[in-house]
Structures are given as C-alpha cells and as structure tokens.
Amino acid sequence: MIWDFEFTVEAMPDLLSGLWVTVQVTILGYLIALSLGLLIAVVRRVRVVGPLVHGVMEFIRTTPLVVQLVFVFLLTPSVISGMTVGIVVLGVHYSAYTAEVYRSGIEGVAKGQWEAARALSLPASRTWGAIVLPQAIRKVIPALGNYLIAMFKDTPLLLAIGVAELLTQARRIGSASFQVVEAYTLVGFLFLAVSIPSAILIRRLERRYAAV
Amino acid sequence: MQFLIERLPLYLDGAWVTIQLTLGGSALAFVLAMAFGILGTINHWLPRAVATVYVEVFRGVAALVLMFWMAFALPLITGFQLEDRFAAILAVGLNVGAYGAEVVRAAINAVPKAQVEATVALNLSWFQRLRLVVLPQAWAQMLPTFGNLIIELMKATAVAYLIGVVDLTAVAQQMRQATGETIVAFFGALLFYFLIAQVLIFGMRLLERRANRKLGRTPPGGTGLKALLKHPAVSGSGGAGI
C-alpha cells in the first residue's frame with residue numbers, strides 16, 4: 001500500500017468544497033440550535049405546555065439523528081433542498097441538547113435575583129432579558145461551544161440524504177477513482193484539522209469563563 | 001397500527017441487531033475508556049501522552065467517518081475484510097471510548113486528595129489503591145455521564161445501515177421501499193429506538209443507585225421508583241455530545 005500524493009493533490013479541491021458545505025451546515029444549524037434551544041428552555045417553565053415540549057424534546061434526543069434526517073427528507077417536497085432539510089433537522093435535534101444546557105444555566109441563577117426582579121415589579125420580559133438570561137448564558141458558553149464541535153462531527157450523516165458534504169464527496173471521488181484509502185483517510189485528517197483546534201479554543205473559553 | 005403489528009417480527013430482528021451493536025460497542029467503549037482514562041491519570045508523560053492522542057484522535061473524527069474507513073479503506077490496506085457488524089461496533093466503540101476516557105480521567109481526578117494520601121499512609125500498592133479506594137468512589141461519579149454516553153452510542157449505531165448492516169434503520173428503509181408508507185415505517189423505527197433508550201436509561205439508573213448505596217450515599221436524583229424513571233440531565237459542562 002503506497003500513498004498516492006498526486007491523487008491527494010487532485011482530490012483536495014473537491015474535498016475542500018465538501019468541507020465548506022460541512023462548515024456552512026454546521027454554522028447555520030448551530031444558529032437554529034442556539035435560538036430554538038433558548039426558546040425551549042424558557043417555554044419549559046410554562047405550565048402544561050412546558051412538560052409537553054419537554055416530552056417531545058426527550059423523544060428527539062433519544063432517537064438517532066440519521067433516522068430523523070431521512071424521515072424528514074422523505075416527507076418534504078422535493079423543491080426543498082437536502083441541505084436545507086439537513087440544516088433544519090440538525091438544528092432542531094441539537095436544540096434538544098442546548099435547551100438542557102440553557103436550563104442548567106437558568107437554574108443556576110441565584111433565587112435572590114428572581115426575588116429582586118419581583119420586588120422591583122419588573123415585567124417578565126425585563127426579568128428574563130435583563131436579569132436572568134445574561135447571567136445564565138454567560139455560565140453556559142463553554143458547554144454550548146462543545147455542541148458546536150459535536151454538530152460539526154454529526155454533519156457526515158447528511159450523506160444519507162445526498163448532501164455534497166465532505167464524506168459524500170470522498171465517497172464520490174473514491175468510487176470514481178478506486179483510491180478509496182486516500183479519500184477516506186483524507187476525510188479523517190480534515191476532520192481532525194478542524195476539530196482539534198476548535199477543541200483547544202473551547203478549552204480556552206472554558207478557562208476564561210470559569211474564572212467569573 | 002395494523003401495519004406495524006403485521007411487520008413486528010421484521011422490526012424485532014432489526015432491533016435485535018441494533019441491541020447487539022449497542023452492547024458490543026458499549027463493552028468495547030467501556031474497556032477503552034477505563035484503560036485510557038486510567039493511563040491519563042498517571043504521573044508520567046508517556047502514558048499521559050498515549051491517552052491524549054487516543055482521546056483527541058478518536059473524539060475528533062465522526063463515528064460515521066471511522067465506520068467508512070474501517071469498512072472500505074481498511075480491507076485495501078490490510079487485505080482483511082471486517083464483517084460489517086464488527087466494523088460498526090469497532091467504530092462506535094473507539095469513538096465513544098474516547099469520550100468515556102475523559103469522563104474516567106475527570107472522575108478519578110475528582111476523588112478527594114485525602115483519600116489518596118490515606119492509601120499512601122496505609123502503604124497500599126498503586127493497584128490496591130486504585131481497586132479498593134479510588135475506583136469505587138470515581139465509579140459513582142462517572143456513571144451518570146456514562147448513562148448519557150450509552151444513549152449516544154445507541155444512536156450512533158443507526159448509521160451502520162450506510163455500510164450495509166441490517167439494523168433497525170435499514171429495516172425502516174426496506175419497509176418504506178416495499179410499501180411506500182414513509183411515516184409509519186420510520187415512526188416505527190423511531191419508537192423502537194426510543195424504547196431501547198428508555199430501557200438503557202432505566203438500567204443505568206439502577207447501576208447508579210447500587211454504586212451510591214455501596215458508598216453509603218443517596219443518589220442525587222433521590223430514592224423511590226419515580227426517580228428511577230426520570231431522565232438524566234444533559235451535562236452542563238462536560239463534552240458528552242458526540
């Protein structure tokens with residue numbers, strides 16, 4: 001087995017374009033996960049609706065993402081691209097996780113803060129927006145960061161619905177040229193090239209916010 | 001409903017394969033997590049470096065990429081074709097084992113220092129210290145996160161259908177192709193996954209209780225039957241997500 005460097009150079013542009021799709025999906029999906037998760041964490045404190053939402057999220061969180069992806073992809077009309085479906089499903093799936101992270105942050109806010117907001121008779125919007133959330137979110141930033149990396153590592157699942165992300169590209173190149181070993185090994189290295197530096201970055205964030 | 005009942009045997013076959021993958025993967029992940037987690041706590045640079053490399057490499061690559069590599073690239077390098085199911089178990093086991101190793105390392109490091117000092121004072125060997133004092137306490141600490149990881153592992157096995165394993169997801173796909181009933185076919189599979197997850201959560205809860213009881217503590221979730229069925233909290237700061 002000899003590594004084919006010529007092939008490596010040839011395959012790189014396609015693989016990098018796949019990586020670019022991967023990054024786009026991750027970032028857009030993450031934005032959905034961040035905002036929807038926050039919404040869910042707040043709604044969970046509402047009576048009746050809260051437990052219901054919680055149950056749905058629990059179901060989403062304990063079932064495989066790939067099945068959800070294929071399921072939703074098959075149900076959506078074909079005008080909606082696989083990439084859009086991928087972004088939305090990934091975002092909703094991970095919002096089940098980020099909601100729990102936000103929740104732990106909200107529960108960590110001292111009771112006195114709530115009471116003070118009450119005593120000042122602040123409206124609910126100000127209590128949440130100016131008192132609770134700023135304190136809660138600050139504490140959970142590193143944990144949220146972990147889910148960005150986790151999401152990035154889940155994007156290869158989009159192969160199942162035919163999105164031209166990194167692994168899909170590698171499979172296409174590999175089966176066209178029979179250079180399977182190079183194609184898949186390169187994918188592994190590209191993943192490491194992104195996820196190890198971002199893990200280091202998250203660790204730094206953790207140290208910075210842990211001091212507060 | 002009629003549809004699902006008629007095809008129950010097929011789903012059960014698929015679920016059985018998923019359970020096999022989950023148990024096999026968990027066993028491998030557990031051994032790897034323990035081995036590399038303990039290596040990571042040793043006060044010498046070499047074992048620590050080995051543990052760090054294992055953790056960073058296998059945590060950094062997605063389970064699906066690993067699986068593809070094992071199933072399609074490895075045979076070309078070594079000349080041996082792994083059985084599909086074995087490749088899937090290996091991939092999820094190696095991947096989740098890397099997350100587990102970090103959990104084990106953190107749990108061992110969280111054992112109060114006085115406990116370790118006491119074992120030194122009692123002249124226990126390194127192995128005795130680990131087996132009799134450190135691990136029983138760390139064990140109770142790591143179990144809740146292990147509970148989350150085993151669910152993640154079970155979910156990760158679903159991608160095995162992409163390398164040709166006929167698991168629950170593959171059954172759902174076949175069902176859809178045969179009947180065109182997309183919603184029922186997939187919802188059935190999701191329901192089975194959900195049920196398996198509930199059983200796993202329940203089992204991990206029991207283990208957690210036992211570990212805490214042995215240490216003379218009450219588990220953080222409280223006692224009683226209701227606490228057993230409660231879902232585990234997603235870790236606020238750990239990297240349990242895969």
Side-chain angles (χ1 to χ4, degrees), chain A residues 1 54 58-59 61-68 70-72 74-75 94 96-101 103-105 108 139-140 142-143 146-147 149-157 159-160 166-167 170-171 174 178 180-185 187-189 191-196 199 202 206 210, chain B residues 18 55-57 59-79 95 151-152 154-162 168-169 172-173 176 182-183 185-187 189-198 200-201 231 233-242:
Chain A
M1 169 73 227
H54 178 58
E58 212 59 68
F59 187 81
R61 212 177 49 199
T62 48
T63 50
L65 177 58
V66 71
V67 184
Q68 294 168 7
V70 177
F71 187 32
V72 175
L74 290 171
L75 288 183
Y94 270 91
Y97 287 89
T98 52
E100 288 296 305
V101 174
R103 187 188 55 85
S104 76
K139 259 186 278 181
V140 296
N146 277 333
Y147 285 108
I149 304 181
M151 261 179 104
F152 173 71
K153 277 178 277 186
D154 262 349
T155 51
L157 300 185
L159 172 124
L166 189 47
L167 189 62
R171 183 163 75 164
F178 300 106
V180 180
V181 178
E182 280 89 349
Y184 289 136
T185 310
V187 171
F189 280 124
F191 261 90
L192 286 179
V194 177
S195 60
I196 289 182
I202 299 289
E206 220 159 62
Chain B
T18 293
V55 167
E56 292 303 338
V57 168
R59 211 169 52 163
V61 181
L64 180 57
V65 176
L66 267 176
M67 218 178 270
F68 265 60
W69 198 86
M70 303 257 177
F72 303 127
L74 200 64
L76 296 179
I77 298 175
T78 59
N95 186 236
I151 303 294
E152 296 296 334
M154 185 274 290
K155 283 161 56 187
T157 61
V159 296
Y161 89 92
L162 290 169
L168 208 41
T169 313
Q173 292 270 26
R176 186 190 70 86
T182 308
I183 298 179
F186 275 85
F187 201 72
L190 285 174
L191 214 58
F192 266 102
Y193 276 115
F194 182 70
L195 287 178
I196 295 173
Q198 299 313 305
L200 290 174
I201 289 171
H231 278 258
V234 171
S235 65
S237 60
I242 293 176

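Just so we're on the same page: letters track the sequence lines, and every chain starts at 1.
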request  = Enter the distance from A:T62:OG1 to B:L195:CG here, rounded to the nearest 0.5 Å.
outcome  = 9.5 Å
inquiry  = On a heavy-atom basis, which atom in A:P156 and which in B:V65 lie closest, and how many Å separate them?
reply    = CG-CG2, 4.0 Å
query = What closest approach, in Å, do A:G188 and B:V61 show between heavy atoms, and which atom pair accounts for it?
reply = O-CG2, 3.9 Å
message = Only pairs of heavy atoms separated by less than 4.5 Å count here; which of B:A73, B:G60, B:A62 has the most with chain A?
response = B:G60
ask   = Using a cut-off of under 4.5 Å for heavy-atom pairs, which of B:L200, B:V57, B:I183, B:L191 has the most such pairs with chain A?
value = B:I183
Which region of [X], side chain (C-beta onward) or backbone (N, CA, C, O), has a non-hydrogen atom less than 4.5 Å from a non-hydrogen atom of chain B, or is it both or neither?
{"X": "A:L157", "answer": "both"}
{"X": "A:S195", "answer": "side chain"}
{"X": "A:T185", "answer": "both"}

ask   = In terms of ring plane angle, is the pair B:F187 and A:F71 parallel, tilted or perpendicular, where the classes change at 30° and 60°?
value = tilted
Taking the side chain as everything from C-beta on, heavy atoms only, tell me whether [X] gets closer than 4.5 Å to [Y].
{"X": "B:L190", "Y": "A:F59", "answer": "yes"}
{"X": "B:Y161", "Y": "A:V70", "answer": "yes"}
{"X": "B:K155", "Y": "A:L65", "answer": "no"}
{"X": "A:L74", "Y": "B:F186", "answer": "yes"}
{"X": "B:F68", "Y": "A:V187", "answer": "no"}

query = Between A:I202, A:V66, A:L166, A:I196, which shows the greatest number of heavy-atom pairs under 4.5 Å with chain B?
reply = A:V66
key: chain A contact via B:A197 - side chain, backbone, both or neither, heavy atoms under 4.5 Å   = side chain
